[in-house]
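Bear in mind that the values here come from a model prediction, so they are computed numbers and not experimental data. Residue numbers begin at 1 in each chain, while the letters A, B, ... track the order of the sequences.
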Amino acid sequence: MTIHNTEIAKIFQTYATLLEIEGANRFRVRAYRNAARTIEDQPQDVAIMIRAGKDLSELPGIGKDLAGKIKEIVDTGALGDLEKLKRTVPEDLADVTALPGLGPKRVQALHEHLRIDNLEDLERAAHAGKLRKLPGFGAKTEEKILKEIERRRAIGTRTKLMVAEQIARPLLEYLKAVKGVKQAIIAGSYRRRKDTVGDIDILVTAKRGSDVMKRFAAYDEVDEIVSQGTTRSTVILRSGLQVDLRVVPEASYGAALHYFTGSKDHNIAIRTLAVKKGLKVNEYGVFKGEERIAGKTEKEVYALFGLPYIAPELRENHGEIEAARKKRLPKLVTLDDIRGDLHAHTKATDGRYTAEEMVQAAKARGYDYLAICDHSKHVTIAKGLDAKRLARQIDKIDRLNEKLKGIRLLKSTEVDILDDGSLDLPDSILKELDLRVCAVHYQFGLSAEKQTERIIRAMDNRYFNILAHPTGRLMGEREAYAVDMQKLMEAALDRGCFLEVNAQPDRMDLNDVHCRMAKDMGLRLAISTDAHTTANLDYMRFGIDQARRGWLEPDDVLNTKSWKDLKALLARD
DNA sequence: GCCGTTTTCGGCCCGACTGTTTTCAGTCG
């Protein structure tokens, strides 16, 4: 059994939290948290890295001790120190610290004085009015805790980026219209374009005495005001999404935007640079002693450290500061670079529009080409095409192309990769197509070894061009299937195949980390919408977001190429 | 527990808000 990175990270996070409750040194706690993040950020399972003989202590934040503990988890499936600690600090207390307002100190007090071991105990004690009697607790805290437990029950934790956009954009417009507001922008992971966001951070500059805070709290979607001050307020909207609003003076806009965009790790790295230079960075600016020497723009803040502007998508402390220092930041791909979409469906299977309607929509977006990739017969639920129906579609597209001006329809398919790694359509029809997009739709439960083998076997077919939605995940609904991504990418590189970044807002696979992995290997990717409607073609920008987070430049993306150049890249002979 | 172009020991980012305090600890981002 292969232990996955998320499981190891989870063990370290739990251990860190329990240590914290126990009252351990906070830097020791932080070391476990940092290690958890480092492991989670690895595109490849560390279990596989260990098997390959890699020394994990070379990873940032992982020394000899933690490398040993990782190995222990990989070998045994558990961490002995954590198992031991659980005997004195109940594991479920980690869930209790996840409630806002309850940190390690207060949870420790709850455990010691009221023998609270988990959320259920907490809820019972709160209902019985026992919490308010503890020192440091009061009636208000008790009420808040009960409300929060209820809220958690009702909703999940992270929100998909597209959903966050739909909720946050109208709020931003509302705030911009408040008298005295000068600038208003959404910062945080939203601005970094992460595929999901935990909350929304809005930054505003306003004239003195502006009532923006009051108006914010009065927004008609506000369900609860968590806190309200003169420079910072937090509310929870009816959707369950938490929104933080920060107000800063104009002279601090850049520093504040930098600060609230994060990521936390990027900020810490910048502040550490500052400390070395005898400077101090906070949300109000960069300071030399008492004097503010930068802060109006982000560019100004970076310039002070001899760095060019770093795009928000790169700010994860994944080497961007080093790259900036060496003037080697990538020139990130943009929506304007995209010349076409290589994955779209029509009414022939589970799409909603005809090829003609789809191509007009693509033309309206300025594209040079659009690939029609309807499902193959194995996907019965989508009325997948067999060779005969696909042949008819090919004829139809040929006739359409004769009429089309300024754009070309590409004949393609989303052909199923069958259990044994063969493709769901015969070579005799595959060879008639301009390109073939291949995908797994069944048998998600295979072991990583078997799934990897199955897909690589499919790549051996000379008509295999692009692997669609390479992990099969549906965010919030279905986990990615187990697969060795490194091996898949190596196999693709060997055979002249490619992988897809699926821009559907609930798919987003490949994700940012995978994009970076492909970039480092020199493997080009397609960014495709998998559109089932004309409007879906607009999902392209979400794919671009993840590509940018993965450092991709225009040349790294297949569909920034002209059809002529793309055709040459796809040719496998 | 990690880390080092000042260091193998002594550091490890910084400020706002809340609630319960009589001047601040705890928590959060």
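The glycosidic torsion of dT5(B) lies more than 90° away from 0, placing the base in the anti range.
Taking only side-chain nitrogens and oxygens, K276(A) never comes nearer than 4.0 Å to OP1 or OP2 of dT5(B). One finds a side-chain N or O of T231(A) lying less than 4.0 angstrom from the OP1 or OP2 phosphate oxygen of dC17(B). Residue K69(A) places at least one side-chain N or O under 4.0 Å from the OP1 or OP2 atom of dG1(B).
Two residues are said to be in side-chain contact when any heavy atoms from C-beta on lie closer than 4.5 Å; V248(A) and Y284(A) meet this criterion. A 4.5 Å side-chain heavy-atom check between R191(A) and R193(A) finds every atom pair outside the cut-off.
Considering CD1 of I73(A) and NZ of K71(A), their distance stands at 12.0 Å, rounded to 0.5 Å. Taken from CG in L122(A) to CG in L93(A), the straight-line distance is 9.5 Å, to the nearest 0.5 Å. Note that CD of Q166(A) is 14.5 Å distant from CG of L171(A), once rounded to the nearest 0.5 Å. If you take CG on L19(A) and CG on N25(A), they are separated by 10.0 Å, rounding to the nearest 0.5 Å. If you take CG on L131(A) and OG1 on T141(A), they are separated by 8.5 Å, rounding to the nearest 0.5 Å. Distance check: I185(A) CD1 to F260(A) CZ gives 13.0 Å after rounding to the nearest 0.5 Å.
Near DNA chain B, meaning a heavy atom under 4.0 Å away, there are no residues from residues 9-21 of chain A. A heavy atom lying under 4.0 Å from DNA chain B marks the following residues of residues 121-137 of chain A, by number: G136(A), F137(A). DNA chain B is contacted by F27(A), R28(A), R30(A), A31(A), Y32(A) of residues 27-36 of chain A, taking any non-hydrogen atom closer than 4.0 Å. Using a 4.0 Å cut-off on heavy atoms, the residues of residues 247-274 of chain A that approach DNA chain B are Y259(A), K264(A), I268(A), R271(A), listed by number.
Nearest heavy atoms, G136(A) versus R106(A): O-NH2, 2.7 Å.
The CD1-P distance, from I225(A) to dA16(B), rounds to 21 Å in whole Å. Distance, K280(A) NZ to dC12(B) C1': 18 Å, rounded to whole Å. For E283(A) and dA16(B), the CD to C1' distance is 8 Å, given to the nearest whole Å. Following rounding to the nearest Å, E58(A) (CD) and dC2(B) (C1') show an atom-to-atom distance of 15 Å. At whole-Å resolution of the value, CZ in R246(A) and C1' in dA16(B) are 6 Å apart. Atom CG of N317(A) is separated from atom P of dC12(B) by 18 Å (rounded to the nearest Å). Protein atom CD of Q228(A) is 16 Å distant from nucleotide atom C1' of dG19(B), rounded to whole Å. Counting to the nearest Å, the C1' atom of dC2(B) and the CG atom of L56(A) are 15 Å from each other.
The salt bridge (charged side-chain N to carboxylate O under 4.0 Å, His left out) contacts involving residues 76-104 of chain A comprise K69(A)-D81(A), E83(A)-K86(A), K86(A)-E91(A), where partners must be two or more places apart or lie in separate chains.
In this structure, a donor-acceptor pair under 3.5 Å is absent between the side chains of R246(A) and S233(A).
Taking every side-chain heavy atom of V275(A) into account, dC13(B) is the closest of dG15(B), dC13(B), dC17(B). Checking dG29(B), dT20(B), dG15(B) against the side-chain heavy atoms of D244(A) singles out dG29(B) as nearest. Taking the side chain of T141(A) as heavy atoms from C-beta on, and the options dG1(B), dC28(B), dG19(B), the nearest nucleotide is dG19(B).
Exactly one of E320(A), R271(A), R192(A) qualifies for a side chain to side chain donor-acceptor pair (under 3.5 Å) with H266(A). That residue is E320(A). Each of Q108(A), R26(A), R28(A), R33(A) was scored for a side chain to side chain donor-acceptor pair (under 3.5 Å) with E20(A), with one residue passing: R33(A).
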### Task
Kindly indicate, with the supporting measurements, whether the criterion salt bridge (Lys or Arg N to Asp or Glu O under 4.0 Å) is fulfilled by E322(A) and R328(A).
CA-CA 8 Å; E322(A) 185 66 7; R328(A) 283 203 194 134; over 6 Å; no

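A139(A) comes within 4.0 angstrom of the backbone, heavy atoms only, and of no base. Among the heavy atoms of the strands lying under 4.0 Å from T230(A) are primed sugar atoms or P, OP1, OP2 only; no base atom is included.
The same atom, P, is picked in dC3(B) and in dC13(B); the two are 14 Å apart, to the nearest Å. On the C1' atoms, dC12(B) is 22 Å away from dA16(B), given to the nearest whole Å. On the C1' atoms, dA25(B) is 9 Å away from dT21(B), given to the nearest whole Å.
The aromatic rings of Y174(A) and Y219(A) are tilted relative to each other, their planes meeting at an angle between 30° and 60°.
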Heteroatom pairs (N/O) under 3.5 angstrom, protein to nucleotides 25-27 of chain B:
| from | atom 1 | to | atom 2 | distance (Å) |
| --- | --- | --- | --- | --- |
| dT27(B) | OP1 | G103(A) | N | 2.8 |
| dT27(B) | OP1 | G103(A) | O | 3.0 |
| dT27(B) | OP1 | R106(A) | N | 2.9 |
| dT27(B) | OP2 | K105(A) | N | 3.2 |
| dT27(B) | O5' | G103(A) | N | 3.4 |
| dT27(B) | O3' | G101(A) | N | 3.4 |

